[in-house]
Every structure is written in C-alpha cells, then in structure tokens.
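Quick notes on the structure that follows.
Hydrogens, waters and symmetry mates play no part in the numbers below; they use all other heavy atoms, side chains included.
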Amino acid sequence: MTVLSLLFYLLALLIVASTGIAVTRRNLAHAVVYLVISFFGTAMLFYLLGAPLLAALEVIIYAGAIMILFLFIVMMIRLERIEGPLFPRRQMVPALVAAAVYLGAGILLMAYGDPAGNARLASASASPAEFGRFLFNRHWLAIEIASLLLLVALVGALHIGREPADAEEPQP
Amino acid sequence: MIVPYSHVLALSGLLFLIGMVTTVARRNLIMVVLGLEVMLNAAAVAFVGASLRWELLDGQALVIFIIAVAATEVSVGLALVVAAYRKTGSVDPEQLEETEASA
Amino acid sequence: MNLQYAQFPWLSSMLLCCLGGLVTIMLIPGHREKEIKWVSAFYSGLTLVLSLNVFVLYDKSVGGFQFVERVDWVRSLGISYFNGVDGFSVPLLLLTGIVFFTAVLTMWELTLRVKEFFALLFLLVAGVFGLFMSLDLFFIFVWYDVSLFPMYLLIAIWGSTRKEYGAMKLTLYLLAGSALILPALIYLVVHSGLQTFDLTALMRPGLFTPYEQKFAFLLFFIGFGILAGVWPFHTWSPVGHVAAPTAVSMIHAGVLMKIGAFGVLRLGMFMCPAGWEYWAPLMALLATVGIVYGVFVGLRQTDIKYVIGYSSVSHMGIVGLGLATVSVEGLNGAVFQMFAHGIMTALFFSSVGYIYDRTHTKAIDELGGLSHIMPKASGYLILAALTGIGVPCLASFWAELTVFIAAFRVYPVYGVLAVCALVVSALFMLRVVQRTCYGPPNERFAHLEDVSFTLGLPRMILVTVIFFFGLFPSLMFDMIQTASLPLLNGLP
Amino acid sequence: MAISGIPYSFLVPALTALAAPLAAFTLIMTQLRQRAQLAAGVSIAAVSLSFGCAVWLLAANWGMTAPLEHTWQWMVSGDLTISAGLLLDPLSLLMALVVATICLLVQIYSLGYMAGDPGMGRYYGFMSLFAWAMLSMTLSVTLLQLYIFWELVGLASYLLIGFWFEKYSASQAGKKAFVMTRLGDVAFLLGILLVLGHLGNLNILFMNTPDVAARFAPAWLTLAVLLIFGGVIGKSAQFPLLTWLPDAMEGPTPVSALLHSATMVAAGVYLLARLFPFFSLSPTAMTVCLAVGTISMLLSSTMAMVARDIKQVWAYSTISQLGFMIMGLAAGSYFAGVFHLTTHAGFKALLFLCSGVLIHHFGTNDMFAISRAGGRSLKVTIVCMTIAAGALSGLPPLSGFFSKEAIMGALAAHSNPVWLGAGLLGAFLTAYYSFRLIFVLLFPGRDDTPEVAHDAGHGAAPAWHDHVMNGPLLILAAVTLGLGWAEHPLKEFLSGVLPEGLPAAHHLAWLPRTAIGLCLGGILLAWLEFGRPRAPKIGFVERMPALHRLFAERWYIDRFYRWFLDLVIYRLVAGTCEANDRKVIDGGLDGLANGVQGTGRRVDRFNRVMIQQRLGVMFAVIFFLALYVFF
Amino acid sequence: MMNWIALSPELWMLATIGVFLGRSMMRPDAGRDHLLALVTSAVALGVALAGTGFSGELFAGTYRVDLFSQFYKCLLAAGFFLVVCLCDGMQGVREDLQAEFYLLLAVCTLAMMMLVSSVHLLTLYITLELSSYSLYILVSLRRDRARGIRAGLKYFLVGAAASAVMLFGLALVYGTTGTAYLIDLLAALPVQTGQPAFSIGLLLLLGGFFFKLAIFPFHVWAPDVYEGAANPVAAYIATASKVAAVGILVRLAVLGTTAYFVHVLAVLAIASMTIGNLAAITQTDFKRLLAYSSVAQGGYILIGILSMDPAGYAAATFYAFAVLVMKFTCFMVVVQVAVGDKNPTIEDLAGLHRHAPVMAMALMMALFGLGGIPPTIGFTGKLLLFTAAMAKGHFTLVLIAMINVVISLYYYLKVLRAAYFLEPSPDAPHVQETLPMKALSLAMIAAMVVIGFYPNHLIELTRRAAALIS
C-alpha cells in the first residue's frame, strides 16, 4: 500500500462519511455544510486521480456556487429544521428495496466484474492547458450546447422563480 | 500506483447509493435535489477514475459538463422547489400529490 | 393452382364501386337523405350486378383462381395487391352482393345520420369484398379489419338494446380474434423464408413443417373461429345481433360471420393442411357442441333477435362441422351452408327488423297475431324460419344435408347429435313463429301497415334466391367443387 | 327383374301430374292469395289434371311386369350424387291415383266447406303444395328424394293444421305435429345416412334387391331398418309418437280428411311398402314393426272409445287402422297392407268429409250436440257415414271387409297367435267405437251435455254448399262399396313386379266368420249402450272411471311428453345451457374485463403515489434488471 | 475543413433561437410571436427536408450527419412545425411568456436534432440534458401555475434521477471500454459483450432514453406531466420528444446485441405495453389517457429495437413517424377542444363529429392507428415491428403485444364513442373548425391513411436509413 493509496482510502472515508452525515441531518443548513466537506474531499480526490483542473472547478462550482445556492434557498424558505420522521416508512421501503438490489448488483459486479479493473492505476496528471486544448479541439460543440443549457437554465429560473405580479389564477 | 480502478468505482457506487437513498427516502424536496447532486458527483468520481485508467481525457471532459449540468440542475430544481413552496407553503413532496387530488 | 389473369379488372371494379359509393356519399350534403339513399342503392346494385357477373363468368371447367389481378405493392416485404377468386370465394362474393343490396334497401326509412350510416356501410362492405377476393395475406388482414371496425360505430350509434355494451363486446371480441390471426400470419410468412405475403406461393405443399402448420392453424382457427361464432367464443354474436340495426344485423350475420369460416378455410386450410387434419377432431367437437348448444339456448330466449342469434351459432356450427370432415362433401356443404345461411339469416333479420320498426318490440311475448296485421312481413319471417329448420327445396337444406352426410362418415356420433339438434331447432323456430305471427291479432298493433313494395323488394330478392338455390343446388355445388377437389387432392 | 326407362309417353304425363300443382301453388301464393275463387279454380284445375294423368298412367300400365324409372342428377358433391327422378311401378301408380283422387275430391268439397273464409286463397295454395309434394313423394325414385318430399308433405301439414292460426290450439297443434314428425324424420334421415354409408346408393329399387343384405352386417341392417321405421312411426302417428294426430284435427276438416287420414299419414305405410323387400331382410326389425303397429292399433282404439269429438274418434281410428296396415305389412303380406291403405283412404276420407258436413252444418264437433241438434236430418251424409263406418268395422261387402280380411289372413299365417288375437280384438273395438258414434248420431237421447264451442264458425251456410259437398261424399261412398271387388285384379297388378319369394297370405275358412262375428258383437254392444231406445247413452268404459280417465287422457302419453319437454328439455338441458352461456361464459368474460379494469385502476393508483415512491420503484426495477445480467 | 452546409438545419434552428431570444426582450406580442414561429418552423421543416441528402462526420467525429439522422431531423422539424401550428391563440401559456415559450421549443428541437446526430457519449449526454431542461421549463410555464410547477417539478425529479442513472451507466461503459465514441464502442463490442460492467453500464445508459420514451420503469412522470403541462407542450412531449428518443435508442441499441439485452428489452417492452394500456383504461382525462397510451406505444417500439437487426430498426423508425402523426392528431383535438387552459376530459369530446367532422374523422383515424387497425399507418408500423420480431423468433412477445393492442382498443373506442355519439350538453361551448385546422386535419388523415395503405416509399426510406446504423 503506497501513500497515494492510503490517501485515497482516507479521502474515500471522508467523502462517504461526510456525505452520509449530510443526508441524515434534520437541519438543512448542517446538511449543506457537511456536503461542502464532502465536495472538498472529492476535489482532493480529483487531484489525486490526476485532474487538477477539475479539482479546482469542483471547489469553485460544486462546493462554492452550488452549495451556496442551496444555503440561500434554505435560508430563504426559513426551513432549517424538519419535523417528523427523517425517513418516513413508506418511502423507506422502496428505498431499501432499491438499495438492496443495487448493492446486490454492485457486489456481484465487484466479484465477477472486469478483472482488468483490479490493476492499480498509475498516477498521472493532465495539465490544465493540455486538457483545455483537448476540450476545445474535440468538444467545442458540447461547450456551445452547454452554454445554451445555461441560457435555458437562466431563462427558466427567471420565469419560474418570479412570481407574476398579478398572481394570475387559471383562466376559466 | 494508487488503487485499483474497481476501488474508485466502489467509492463512486457508494456515493451513488447514498444519493439514491436520499432522493427516494427524504421527505423534503431540498434534500431530494441534494441527493441528485450527490448522485451526479458520484458519477463524476467514476469518470475521473476511468479517465485515469485509460489515460484518456474524455472522462475528464465529461466531468466538466457534469458540473455544468449540476449547476443547471440546482438552479432549475431549486427554482421549481421555491415556486412550489410559494404555492403550497411546504417543501413536503407529498404536497405535489395531495393538491393534485383536490384540483 | 392455376391462375387465370383477368382481361378486365372485374374484382377491382367491385371494390371501386364500394369506394366510389363511399366517396360519392361523402360529397353529398348530409341533409339530402333521399339522394344519399338513391346513390347507395345505385352503387350497391352495381356491386350486386358485378358479383353476379363474376358468378356467371367464372369458368367452372377450368377452376383455380380466376379474374386474377396483381400489382406489386410493397416490394421489400413481398406484399402485392393480388386479387383472384376461386370456387370458394365466388359464392361468397355473390352472397355479399345480394345481402348488401338488400340491406341498403331495407334501410330505406332510416332518418338518423343517414349519410354516415351509408358511408360506413360501404366501407364495411368494401372490406368484405376485399377479403373474399384478396390473395395476399397483408391485404386479407387489412380488409378483415376494415370490415370490422365500422361495426362498432354502426351498432353503437344506430343500434338498440344495450347497444354500447353489445358494440364494445363485439368489437373487442373480434379484434381479440385478429390478435391471434396477425401473429399467425407473420409467423407463416417469416417461416416460409420466402419474403412474400403471396398466398399462392405460401400454399405450396411442404413449405411448412407439420409443427408449424399445426401451430398456425390453431391460431387461425381460434382467431377466425371467434368471428364464425364457434362455441365457446360465440357470446358476442347474439348480443351484437340484438344491438345492431337491421341492415347491420343482416350484413353481420349474413356475411361477416362467413368471413370467419372463410378465413379458416382460406388461410388455415390452404396454407396449413396438416394442421387442418390434426385439429379437425377438435373443430368437429366444438362445432357439434355449438350446434346442439345453440338450439338449446335459443329455446329459452324471449327476444326474437336473440333467438336468431343463437340459431346462427347453431348454423355456423354446421359450417364448422363440414369443414372439420376434411372431405370434399363436407367442404362443399360447409361453403354452401355459408351462402345459404347468409341469405336465410339476412331474410330473418330483415323481417324481424321490419316488425321491430313498426311495433317497437322484439319481445316474443308482446307480439302475436302479426299474420293478420302484416301477412307479408310475417310470411317472410315464417319462410326464413322454415329455411332455418332445413325444409327441403330451400337452400339451407342441401347444405345441411351434405354436411350431415359427410360428418356421418367421419364423425358418426357428432353427425347423429347434429341431426338430432334439428328437432330442437324446429321446436324453437316454430315457437317463435307461433308466438309472433300466430294467435289472435293484437289490438296494440292493429293500425300498423304491411310491407310496402319498396321495402318488400329486398325480401323478395332474398326469398327468390333461397328458392332458386334450393331447387338448383347443383349450380352452387359445381362451383364450390372446382375449389374443394383440388384442395383436398393436395392433401397427402 | 329388369328395370326399364320411362318412355316419353309416360314421362310427360307423370311430369305434368307433378308440375301442375306446383305451378298452381306458385301462382296462388305469389298472385292470387286475395282472390279466393280464382285460386280455388286454379288449384282444382291443376289437381284435376294430375288426377287425369294418374288415371291414364295407371290404366296404360295396367299389368306391367317391370318397374319403369327415370333419373336425373340433381346435384353432385364429391362422390355424393343426389339424383331425382320418377319411379313408375304398380305401388307408386296406385298410390298416386289414390292421392290424386282424394285430393281432387277434397278440393271440390272444400269449395263448399271453406266458402267465405278470408284465407281461402292461402288454403288452396297450401292444398296445391300438398298435392305436389305428396305426388312427388309417391313417385320418388331414391330414398333421399322421397325424404325431401316427405318433409315437404310435413310442411304442408304444418301449414294446414295451423291454417286458422288465430286459434292458439291450432297453431300449437301444427307445431306439435311438425316437431313430433320431425322426431321420426330425424331417425329416418339417420337411417338414410346409414344406408348411404353402406350402399353408397339410395335408389329404392336397388335397395329392394336381396343382395343388399350382403353389404350390411346384420346388426347394422336391423338398425337401419328400425331408423327408417322411425320415420314411419312419426309420419303415421304410431306409438310412441301418436299424440300429434288427434291434435291435428284442429285444422279444417277437409284437411283432416286429406292429410290426416287418407294420404299423408298413410305415407308412412307407403314407405314401409315401398321398401318392403328391404325391410324383410331384417326379421327382428319386422317383429318390432309388428309390435309397434299392434300397440298403436290397440291404444288408439281404446282412446276412440271414449272420445266425444267426432273428428277425434276418426283420428284415433286412423291411427288404429294405420296400425293395422303396418301389422299386415310386418306380418309379411305386402298386398294386405297396401290394399288396406287403398280402401282405408276411401272410407276414412268419406268419414271425415261426412263429419265435415255435420260440423259445417251444426257448428260443433261434439257428437252428442250434433245428435241433439238433429244430425240425422242430413240424410245423405248419415247414410254415407254409416256405409263408411261399416267399411271401417269390416262389414261385408264393403271395401274394408276385404282388406281387413287380408290382414287377418296374414296375421294368422304368423307363427305367434298373439298378433292374430290382438288383430281380432282390434276389429271388435273398431266396430264398437264406430257404431257408438253412428248410433249416437242416429238416436239422440235426452242427454243434456252442454254444447262445446264450435270451431269453424261458419254459421248458416247457403244450400249450394251442401250440394258441392255431397258430390264427393257420394263418389267416395260408391268407391267404398265397390272397391272390395277389385281385390284380386289389384293383387295381381301389385305382385306383377314384386320379387318372388314373399309369403302368400293364408286363407283360413274360420277367420272371416270369426272376424265378422266379432264385428257384429261390437256393433251389438254399441247398439245396447247407445242405439236401442232407453239406451243409457253411456259406454261400458265410462262406468269404470279409472279406465275412462286413462283412455281419455290418451294413456298419459301426452302428459309425459309435456313433462319431458318442460322439465327435461326446457328447464334442465336448455336451462343449463343458458345458465352456462350467461353465467359461465359471459360471466367469465365480464369477470375478465372487470379484472382488467381493476388492474388498470391499481396501476393508475401506483402512478399517483408520492413521486419518491415511484422513484424508488424505478431504481429498484432498473437495478434489478442490472442484477439479472449475472444470471 | 468542416462542411457547414451539412449543419444547415441546426444552424437554422440556432438562428430561430436567436430571433426568439431577441423577441423575449421586446414587448410581448403573442400574435406576432406565433406568426414568427410559424414562419421559422416552416422554414426549419423545409431546410430539414432539403437536408436529407447531407452526410458527413463533424466536430472531430463526435457528430455524424447521415440519412438516419437527417430523417429524424425532418421528423423533429415537422413535429416542431406542427406543434407551432397548434399555438394560434394559445391559452396554455401567458401572453407575455410566449416568446420564451417558442424560444424553449426551438432550443429543445435543436437539442434533439443534435441528439440524433451525436455519436459521442459526451455530446449525447449534453444534448439530452439540454432538451430535457428546456422541456422541464416548458412544462412549468403553464398559465395554471400551480399545476405547471407541480408537473414540472415531478418531471424534473424523475428526469434528473434518470439522467443520474444514465450518467452512472456512461461512467461504467467508459470505464470498461475506455472510449466514448460509438464507432469505437462498436468495434470493441466483441471483447466487451461478456463484461457485466459493460452490460450494466449500457442498460443504465439506455435508461436515460427510456425516460424520454417513457418506458417502464421510467414512465412514472408521464401521466402527471401530460396532465400538468400546457396542451401544446404536452403535444410536443408526446410527438417530437418521443421521436428523438427512438432515434437515439436505435443508435445505441446496436451496442446491446447479447441475449441479456434482448431479454431485458423484452421485459421492458411487455411491462410498458401492459402497464400503459391497463392504466389507460380507467382514465377520464384525455391527456392522461394519451400519456399512458404513449407508454404503451413506447413498448411497441421497443419490440422493433430488440429485434437487433436493420429490419427492426427500420420498423422502429417507421413507427416513430407513425407515432408522430397519430399522437399529434390526438393532441390537435385536445388543443382545439380544450376550453382556455383546461384539460379536456373524454366527455368534452361530445359532439365533435357534428361541429368538427373533419377533425373527428382525423381523431378516429389516429385512434385506429394507435390501436393498430388497418389501413392506417399505425397498423402498418405494427406489422413491420411484429414481422421484424417474429423473424427473430419472438412469437410470444408478438402475441402479448397483440393482446395489448386489443386491450388498448377498449379505451380508444371509448374516446371514439365520446367523439361520435355522446350528446353534448347544450350550453357547453363547442369547437369551431377553422379552415387551417380543417386543412391540417385533412393532411393528417391523408398521411395516416395513404402511408398506411401504401407504405412502400416510407419503408424503403427507413430501410435505407436503418442500414446505416449497424
């Protein structure tokens, strides 16, 4: 076991633990904060796995923008604490069934899956410049589409979030 | 040498599981959206691992777009949640159905 | 099987007549009912003339498929517009022509949504004609459904007793049948390895293994059997007949039920003779049960149309029994029975329809003494009942007789049972006649009129046909034989 | 025995005889239904033509030695050929003559009887139909052809019995007649099918050749014969299908005279005679026939003894006489049966026509009522009726005597004396009930039986009716008086073409004497009870209430049928079938449909649960399918 | 050098997007917006039709233009145009949001056009997301906000979950094979077919498109969304969106040729058909009924796809066209019958045959087509699907499908009954059949019947297109 692998397992533990804690919080603000920790861990993991640019983006966008947005909303709605059971039983049942099936499939996949996948990964790193060139060489169409996507999100969030002034009732 | 790819996959799988359970089981729309984000993040982990495995950049490129989509998702999703909250005064997903019946 | 190509597309012109009628009616404004009726009568009369023409022009000495027309349709699938008639289909074309024309005339007094009614009727009949003359599996199925779906509207809009229930039951039941037919068709087409829907190519002996034949035949038998009213899939038929308006009952019982038997014959027996032989005992059993069961249930009915409905079940059982004998005699008898029963039941429904239109009741117990008030109408009813009983010198008799003879050779027990059912059939038919036509005249109906000449004309035509083929059955048998002999000789 | 073709000189008249009534029927039914006089004229003209042809044919062929036949192919289906044609031999010619004669006379008679009836056109139409069918049946060359016309005759019978359809009883009787004869016909048809299966040919002359036996296993032969005899039972109203005939008297009286005594019901006997050699091949079956004939004869005699309705008496007597004929034939005497058929046709038609006059005149069927109303004032009628009754009882020198003697002789030749005893008993009973009626009519007592409702409802009839009706009576009376002397010529003529080897009837000297003695005994008994002054006007049977009820209720046969029909057929079998149809088949379908709808509702309800539960199911299913990859 | 001409339909759509982006910033004018949309969408259809002959590999091989993609683009453009046709005087979306409505519609169409051309997993993913998000927002834009938001939220939740599943599947596929090009995946197939990770990944990947096509178990959004969306939006979801999903499913199905996939697809097909048809039986809301019917139609299409041969792909393509026409016709009636922003119930169709005979006729043909009754296009499509499946020996599947067809007829006939012989209450407002609507109905009838009866050309076209796939 190398240092890197040890690091990996530590990060993995951090990510899983913090995510697990996050999703079981009653207080939504706490949940968001724990998730931020998880995303930080993920960012480090990305760095470990040779994606420094992604690590940065993860911190900026995921942990930064997205989670802050969550926090805003939580504050806005003023609903920090949730009453009632955390996992109501009638939702828990399908969730557990799905989880059991998922775990079954996952374990089997680990057991019988790709033997080549057990080879340890060599550490490597993609330099941001190289990555950027690759991205714009090959996937600039996708980038354009992503820009459209963000435009759509903008339009959508604008009109959905804006309560119409006259608070229209459905027409008869 | 870090870890086998399958371990990265396992980590990603576990994260996905957590996200999935959150999406299904939490009775709060914000947590549901949060769960979706976790699932996306899980996939991102897997892509980064795969990208390293084959030493190809396609996987990493995908992660960029995942982040973009995640941003879209959270903005649209939360906008919808807020709008729903304004209509019903609650972020309980069950409101979605109950008012349906009365409408 | 030899093919005689047509000099003139007689068959297509019959179809065109139906479609021409349809289009013409669609172009006439809906309130001009008189014109619509005349146009309908004209076009249906034309189809009758054309079908008669085909009946006369068919060369019995040559046999095989005649008046053949063929145009490639979808080449990649091997579908072609391929028409031709043989000794089996010519009588049925004639039957359709007669029943259609008479049905149109029968509805001369219709006032509700006239345009749509006749338009749908033309569509329905186009399907029937197409099915009888088509030699391409794709088109056979298309025409089959074209002839079925107008039924739903025709019954549900213009019908009577429990019309929506009846229409829905009928339509779903029959389409359930088609749910078996279509897979069977595709199954055969795919397994032939020929990439063609051409019936004449697919009926080559030895093309299908016995297993395939048995399998496909069973599907055809049940699928088409539903339409033919095979027990225990018959319950749609009385309900549907009762609900349907007169002309639709006529066409339905007179022609559509024949499609079922014809389908088994054309698809099942032509392509899967081994399956035919294999399943014949089952067919015979179900047919016999149908014959006996139909008359017994008919005995208990209180609605005339129900009685006729169940008698149709019984009579179609005779067709089934004939087909199940796998013999020339049985086949001849069965096809003749299709024809004879078609005419007979059309007469029956048209008489009952007239009575219902006037008295507004179909309940046997409420009627009575009609022979006084409307002697002609009840005369037609009595004549139809007598034909149904199988009185000699009326068309049905020959058919039933030959079927019995054939059945007696192959399935003596079933033959005996079927013959015995004749007694009960006489009992219940005469019961209807007695309760409706005989007895003291009913005051309620004393003011009603008898059949006028216009409305009497279609019934007269039917009566004439019944007598004509009752006295000269050989005309029909010689025709059918040109098809049944080669078919049976092709069997191993 | 050679069979020859029919020369044109015979073919044309034979076809004319058949075609004329058919043409009349068609014409009347399509054009002349409303024009009674014209219809009657056309019909009578047609049947006269037939009669003339029949006479000419018989005369021209008198003494023929070989049957003539002519065959056309009617239809061919596979290896089944159905042919039609004409068979001219002594039996068919004789029968044709009988039929044509009675038809003609009855139609003339009907001019008076049916005058003024609104349905007269229709009546004559049906009469023509009957004449056509009956004559065609008589001259049929194959058994199937015979069956076809046999059915048509039955149809004519149905239509004529129910002629006054507004009467419930009439329509009911018509239906009953049709269905009961149908029952026999089904057996007949099965017999035909059996024969066809074994011989492949239904030519009557072929069936009558002895080598037919070689093609049949004995048991099958017996079965075939018995099945065909089933047809005879139905048509000739023999036991156990005898109850339709009395009811058939609901029809107009001329119809009863023509169809239900003289000709149609005799068709059964004719069939037996027609296939006599074929029947003879199975002694077992012949014994059964003999037994059936005997039982019918005795049963119906007892019924006749208590009947009050004139026509009923003659109806029972018809059954009994038909039983006699069958006994004669079954006992082995071809001639005896046929001869009795011929004579019976004459005198029984006469009896009915006489009764018709009485009924027409007095508007009632009840013999006591007629008697009180002065029935004996109609001299001609009463005289004719007495003559006919004498013939029926077998009084010499009337025709019935000779034919009955022939039958007795045949019975005496039989090894078992029981049949002869039964025959003699029958003769006694016949004489008793016939003269009971005659004496009741002749000597009205102080009986105060209430009048029964009358059926015809003609009211007072003009005088010309009587004249028109009396003519046929006199002709028939003459025939009854004279026909007995024709026994020997007829016998020679009939046996001219028969295959040899048939047993000849014995002539025992004591037999005629005994028979006449019994006959006179019967008449005497009737005289004592009904005829003499201060007669009690009550029969000996009526003194025994149990027996009287048994006879009056027709031995409960009808009751049994009614019960059987109502309970077994109608309620049990048909009820079960209907319940099955409604509850099991339709119920199953509706259940299926409801089940589908219910499932649909449930599925829809799943799609309305909380969105997260749906998501849970979605995940579970997709990962379950992923799991499936490992199996 | 890139061949920009080959991109002309997409470029035109991009221009349209620009136009409406501009319009959305001006003063709202619903009538002008509609006119503009009508013109641009008609031009888009023209451009797409003109572009059927184009072909080429673009954007470093991530994007392929061929007959297959161009055929689908035509269908998409047609769907866009037809839906725009329905938007005259649209009540379902507030007047001041109509420019945004057309904008999103155009974005969605563009996204789907690109989707069917994508041959790289990344492009595939991002175009799919773009089309999905525009639809989520379109659904939420309904004038009846409470309804729109609820439906939009549900649509979003299911969609996002499905896309997460799909993304995870993408990761598995990419992780096992190391390539994201469909071509390379296809080449790697012989090695990978035995890999459970690959199979599972592919299955999850397909899940994202099953969501689009509303295949069980991803159908859970369909009824609520059809019910909650504005009528033209529901029409768009039912037509164009389905077409695109079929196209990309066909492209991807080539990868899953193992018996496992055939089984899984068969199970999904059967489940979709059955669930869709059963649930539709009890519906009273016409749109909800059509939603379930869409689920069932998706099941039929899967039958063609799981045949895994060109004939099956051609059949699925043919059927996509059929679904477009038939479903559009149904929604045309929905839009015309609806009062204001309401959802029409089946009873609301009463009297249709009297006030709008041509439309009633079109509805009848469409329903018969959906129910698989000849001589409509729906029957021909089903025949092709079943023939393809039968050739691969899936007899039972075909039989079950046929039984489903019968079940479905029950509710189609119920609709027909309402349209043809329910008597409307006298005070109910009734449909006015305008001339353009009449023409549109006639065109639909012609398309359904003529192509149903004489399908030769369309079959040839789809065959040629499908031959390019495998």
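Looking at B:Leu29 and E:Leu157, their side chains come closer than 4.5 Å, going by heavy atoms from C-beta outward. In this structure the side chain of E:Val165 never reaches within 4.5 angstrom of the side chain of B:Met20, judged on heavy atoms.
Between chain B and the options E:Leu122, E:Ile149, E:Leu130, heavy-atom pairs under 4.5 Å are most frequent for E:Leu122. Most heavy-atom pairs under 4.5 Å with chain E, from the set B:Gly49, B:Ala46, B:Ser12: that is B:Ser12. When each of E:Ala180, E:Ala160, E:Gly159 is scored by its heavy-atom pairs under 4.5 Å with chain B, the top score falls to E:Ala160.
Here the CG-CZ distance, from E:Leu167 to B:Phe65, works out to 12.5 Å after rounding to the nearest 0.5 Å. Note that the CG atom of B:Leu62 and the NE2 atom of E:His120 stand 7.5 Å from one another [nearest 0.5 Å]. To the nearest 0.5 Å, the span separating CD on B:Glu73 from CD on E:Glu129 amounts to 7.5 Å. For the atom pair CZ of B:Arg86 and CZ of E:Arg145, the computed distance is 7.5 Å after rounding to the nearest 0.5 Å. To the nearest 0.5 Å, the span separating OH on E:Tyr136 from CG on B:Leu80 amounts to 10.0 Å. In this structure, CZ in E:Phe156 is found 6.0 Å from CG in B:Leu36, a value given to the nearest 0.5 Å.
By the 30° and 60° cut-offs, the orientation of the rings of E:Tyr174 relative to B:Phe47 is tilted.
Using a 4.5 Å cut-off between heavy atoms, B:Val24 does not touch chain E at all. Contacts of E:Ile137 with chain B are made by side-chain atoms alone, with heavy-atom separations under 4.5 Å and no backbone atom involved. There is no contact between B:Ala68 and chain E, counting heavy-atom distances below 4.5 Å. For a residue to count as touching a neighbouring chain, one of its non-hydrogen atoms must lie under 4.5 Å from one of that chain's; by this rule E:Thr177 touches chain B with the backbone only.
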Give the C-alpha distance, both sets of side-chain angles, the deciding distance and a yes or no for side-chain contact (heavy atoms from CB on, under 4.5 Å) between B:Asp58 and E:Leu121. CA-CA 9 Å; B:Asp58 279 311; E:Leu121 295 183; over 6 Å; no

Applying side-chain contact (heavy atoms from CB on, under 4.5 Å) to E:Ile126 and B:Val69, what does each step give before you reach the verdict? CA-CA 8 Å; E:Ile126 197 76; B:Val69 170; 3.9 Å; yes

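Looking only at distances, a side-chain donor or acceptor of B:Arg53 sits under 3.5 Å from a matching main-chain atom of E:Gly175. A distance-only check finds no donor-acceptor pair linking the side chain of E:Tyr133 to the backbone of B:Thr72 [under 3.5 Å].
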